[in-house]
**Student:** 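Below is the structure I would like to discuss, written out as structure tokens.
These numbers come from a predicted model, not from an experiment. Each chain gets a letter, A, B and so on, in the order the sequences are listed, and its residues count up from 1.
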There are 2 protein chains.
Amino acid sequence: MAINLSSTKLLDEKGLLKTNQRKEILNIMSLEDKPLTAKSIYNKLKNRNPHLKLSTVYRNLNIFAEKDIVRKLNIRNDSNENLFELIIKDHHHHLVCMKCGEIKDIKCLLDDYLKEIEDNNNYLIKDHRLTVYGLCEDCK
Amino acid sequence: MAINLSSTKLLDEKGLLKTNQRKEILNIMSLEDKPLTAKSIYNKLKNRNPHLKLSTVYRNLNIFAEKDIVRKLNIRNDSNENLFELIIKDHHHHLVCMKCGEIKDIKCLLDDYLKEIEDNNNYLIKDHRLTVYGLCEDCK
DNA sequence: CTGCCTGCAAATAGTTTGCAAGTTA
DNA sequence: TAACTTGCAAACTATTTGCAGGCAG
């Protein structure tokens with residue numbers, strides 16, 4: 001389910017300069033059906049653009065995160081690298097296989113629960129992240 | 001709600017040598033009502049034991065995590081440091097204030113939802129972590 | 001042309017590791 | 001004493017930053 005994304009339009013909307021590096025980063029992220037690390041994005045792109053630097057990827061991912069184009073997950077991979085995913089309209093969570101590392105998207109059914117938390121704790125709830133860990137069909 | 005913990009008993013049960021450093025780390029963690037970073041544990045302990053090294057804290061937190069004494073959270077603080085908490089019998093989640101950083105424990109009501117995920121995806125679910133972000137009473 | 005962006009190199013910061021000396025049982 | 005743990009210093013790895021040149025608008 002690759003996302004159909006117009007990277008130039010998105011960059012325009014957010015008031016960011018439309019550079020090739022930025023468009024390529026967004027395009028790669030929209031083609032993948034899972035969160036990516038800065039390094040994996042870099043590796044996928046450096047064939048086409050040998051001048052691209054990892055620091056540029058990091059820099060833009062941070063800018064995208066500030067502009068709510070991208071979300072920095074609080075799941076990290078085994079190498080302690082951050083994972084990033086495009087923010088798209090449908091909110092979802094992640095189901096992670098503890099053995100092979102497969103990540104699936106799962107739907108969110110937490111609205112009632114969140115309302116209860118909000119009332120009980122006198123908080124204004126803004127966001128939440130759920131990660132479910134288990135063994136996938138092949139690994140269990 | 002500091003946990004009443006016998007660190008020596010716990011270390012015994014897990015087959016770990018009962019050193020002062022380990023006991024002190026566990027005691028500090030049981031006194032705190034929130035997840036701690038390696039550095040904050042180190043800072044709290046180095047007054048009493050000036051020889052203690054940060055690497056020793058890290059080393060033991062990792063050993064504790066392997067032995068299921070401690071849990072490494074996938075929330076990180078602003079400095080990108082890992083947070084650790086004692087694993088205690090009652091499962092719970094975290095409610096984090098986005099402004100002041102306060103972390104509260106909240107109860108888990110996800111059993112039905114998890115069962116549904118398990119069935120829908122053909123996974124065997126082993127664990128899950130929810131973090132809810134918002135603004136606390138004082139910050140909102 | 002003007003300011004934002006990138007490549008490059010070097011710095012930061014969190015965490016890990018090798019080793020010799022010290023401690024636990 | 002034998003095995004395990006710690007202090008110490010140094011390495012490692014992910015991420016960030018300063019700067020000069022390059023590119024988008």
**Student:** Taking ring pair (Phe, Tyr, Trp, His ring centres under 6.0 Å) as the definition, give me every residue that meets it alongside A:His128, ordered by chain and number, with sequence neighbours left out.
**Tutor:** A:His91, A:His93
**Student:** At less than 4.0 Å, is any side-chain N or O atom of B:Asn60 found next to OP1 or OP2 of D:dT6? Yes or no.
**Tutor:** yes
**Student:** Partners of B:Arg71 by salt bridge (charged side-chain N to carboxylate O under 4.0 Å, His left out), sequence neighbours excluded?
**Tutor:** B:Glu85
**Student:** Going 5' to 3' through nucleotides 20-25 of chain D, assign each nucleotide B (protein heavy atom under 4.0 Å from a base atom), S (under 4.0 Å only from sugar-phosphate atoms) or - (no protein heavy atom that close).
**Tutor:** ----SS
**Student:** Check whether any side-chain N or O of A:Gln21 sits under 4.0 Å from OP1 or OP2 of C:dG7, and answer yes or no.
**Tutor:** yes
**Student:** Using atom CG of A:Leu54 as one end and atom P of C:dC8 as the other, report the distance to the nearest whole Å.
**Tutor:** 13 Å
**Student:** Can you pull out every salt bridge (Lys or Arg N to Asp or Glu O under 4.0 Å) where at least one residue sits in residues 110-125 of chain A? Sequence neighbours excluded, please.
**Tutor:** A:Glu116-B:Lys107
**Student:** Between B:Cys97 and B:Cys136, what is the shortest heavy-atom contact and its length?
**Tutor:** SG-N, 3.4 Å
**Student:** Which donor-acceptor pairs under 3.5 Å do side chains of residues 7-15 of chain B form with protein atoms, sequence neighbours excluded?
**Tutor:**
unit_1	atom_1	unit_2	atom_2	d
B:Ser7	OG	B:Asn27	OD1	3.4
B:Asp12	OD1	B:Lys18	NZ	2.7
B:Asp12	OD2	B:Lys18	NZ	3.4
B:Lys14	NZ	B:Lys67	O	2.9

**Student:** Reckon A:Asn62 has a side-chain N or O less than 4.0 Å from the OP1 or OP2 of D:dT16?
**Tutor:** yes
**Student:** Less than 4.5 Å apart, side chain to side chain, heavy atoms only: is that true for A:Thr37 and A:Tyr42?
**Tutor:** no
**Student:** Could I get a table of every N or O pair under 3.5 Å where one atom is in the protein and the other is in nucleotides 18-20 of chain C?
**Tutor:**
unit_1	atom_1	unit_2	atom_2	d
C:dG18	O6	B:Arg59	NH1	3.3

**Student:** Let me confirm one number: the CD-CG distance from B:Glu24 to B:Asn49, rounded to the nearest 0.5 Å.
**Tutor:** 5.5 Å
